[in-house]
Amino acid sequence: MSTDKNTQNFIGTSETYLKNTFADWKPYRIHQMFNWVYHYGCRDFSEMTNISKLMRSQLAEHFHFSLPVIQSRTHSQDGSIKYLLKLDDGALVESVWMPSDSRKTLCLSTQVGCRLNCSFCLTASLGLKRNLTAGEIIGQCMTINEDLSKENAITNVVFMGMGEPLDNLNPVVDALRLMTAPEAMRISTRKVTVSTSGLVDKINDFQKENIHINLAISLNATDDETRNRLMPINKKYPIKTLMDCLKNYPLKPQRRHTIEYVLLEGINDSDEDAHRLAILLKDIPCKINLIPFNSFESSEYRPPHDKQTFKFQDYLIAKNFSAFIRQNRATDILGACGQLAAESQNPSYV
Ligand code: SAH
């Protein structure tokens with residue numbers, strides 16, 4: 001694989017960019033190239049035999065291929081694998097592959113670190129180092145698929161790893177288009193979920209992109225005082241503003257938002273919280289994922305006792321919500337939600 005730094009990485013390059021750069025090419029030529037790269041795994045323009053030699057040499061002048069490189073794999077007892085991936089500049093990100101009978105889900109990262117500073121999330125301790133490019137985002141799927149056998153290939157993708165996806169909107173949108181395009185990676189839009197802490201302006205921009213990807217909103221509290229403490233972004237976009245944005249978000253038929261709610265003992269897990277949550281979500285088409293807090297060493301929080309978690313869920317179900325307790329995955333390898341960062345901080349890797 002050529003990595004000539006004077007050229008641009010073809011992985012992640014958008015259809016729009018290619019159309020503008022090669023204005024005289026027929027659009028189906030670009031689809032043929034995407035098919036070669038994202039479907040057949042081709043990493044060399046000279047192998048694209050249904051494309052003219054002239055076009056192939058033009059491409060080779062402009063582009064190289066570069067993918068994240070696997071630095072380490074950590075296996076969880078539940079079958080999940082946490083990958084530590086090295087990017088071109090040496091930066092490290094984590095992605096977690098989670099198998100179940102019916103699907104193989106990749107949880108991928110969109111930033112090195114994060115700037116939102118949520119008090120219950122380990123990634124926050126890194127601060128924001130940099131945004132990932134579209135190629136580095138979709139490249140996580142490609143590198144990991146190449147590491148796995150065919151029957152373990154990724155079927156579902158969740159943008160729930162390191163970073164805030166909507167704080168890195170354009171590269172995330174470019175990666176999503178390639179991931180879901182029938183001529184590129186071919187993952188159904190129904191099987192891709194972008195999780196956000198609730199950047200209202202960016203949610204509106206995201207909606208305008210018209211890509212119909214599922215959105216998960218990390219709500220995590222039912223009053224502004226608590227949410228301000230847990231998620232400082234709430235001071236900019238308080239709960240009512242966020243709820244109004246979701247109410248006005250046009251959804252395709254049969255689609256609904258996911259509301260994520262991390263349960264923290266004594267902070268947001270009371271019966272009153274369950275009651276307020278039901279009121280807040282009353283007019284929003286959604287399902288609710290309750291996530292018992294995943295601990296890490298430096299954290300002041302704890303997950304609730306199971307009894308309270310079930311009581312919280314039962315209340316929501318009695319109010320006719322679909323409410324699920326999200327099974328914790330990969331907690332033994334610090335691979336669960338909010339636990340990504342530890343290994344990338346380890347100085348022995350840098
Ligand atoms: N920035 C995005 C995506 C990354 S976090 C967001 O905020 O949605 C993915 C999910 O993990 C979010 O719902 C977040 O609230 C949750 N999370 C973060 N830290 C956690 C922890 N320690 N235990 C359980 N869930 C956590």
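Both counts, for ligands and for their atoms, begin at 1 and track the order of listing.
Of all the heavy atoms of E260, the ones lying under 4.0 Å from any atom of ligand 1 belong exclusively to the side chain. Contacts of T196 with ligand 1, taken as heavy-atom pairs under 4.0 Å, involve the backbone alone.
Within the listing of ligand 1, atoms 4 (C) sit less than 4.0 angstrom from a heavy atom of G161. Listed by atom number, the atoms of ligand 1 under 4.0 Å from F120 heavy atoms are 15 (O), 17 (N), 18 (C), 19 (N), 20 (C), 21 (C), 22 (N). Taking every non-hydrogen atom of S197 and a distance limit under 4.0 Å, the qualifying atoms of ligand 1 come out as 6 (C), 7 (O), 8 (O).
Taking CG from L92 and CG from L87, the interatomic distance works out to 7.0 Å, rounded to the nearest 0.5 Å. Rounding to the nearest 0.5 angstrom, the gap separating the OG1 atom in T258 from the CZ atom in R326 is 9.0 Å.
Checking E164 against T110 by side-chain atom types alone, no donor-acceptor pair falls below 3.5 Å.
Using a distance-only test at 3.5 Å, with no hydrogens or angles considered, no donor-acceptor pair links the side chain of S299 to the main chain of S295.
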Decide salt bridge (charged side-chain N to carboxylate O under 4.0 Å, His left out) for E15 and K19; before the verdict, give the C-alpha distance in whole Å, the side-chain angles of both, and the deciding distance to 0.1 Å. CA-CA 6 Å; E15 184 169 350; K19 276 185 179 157; 3.3 Å; yes
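By the 3.5 Å distance cut-off applied to N or O atoms, G163 is counted among the residues near ligand 1.
A 4.5 Å side-chain heavy-atom check between L219 and M243 finds at least one atom pair inside the cut-off.
Residue nearest to atom 25 (N) of ligand 1, selected from V262, L264, V194, L166: V262 (by heavy-atom distance).
Every heavy atom of S299 sits 4.0 Å or more from the atoms of ligand 1.
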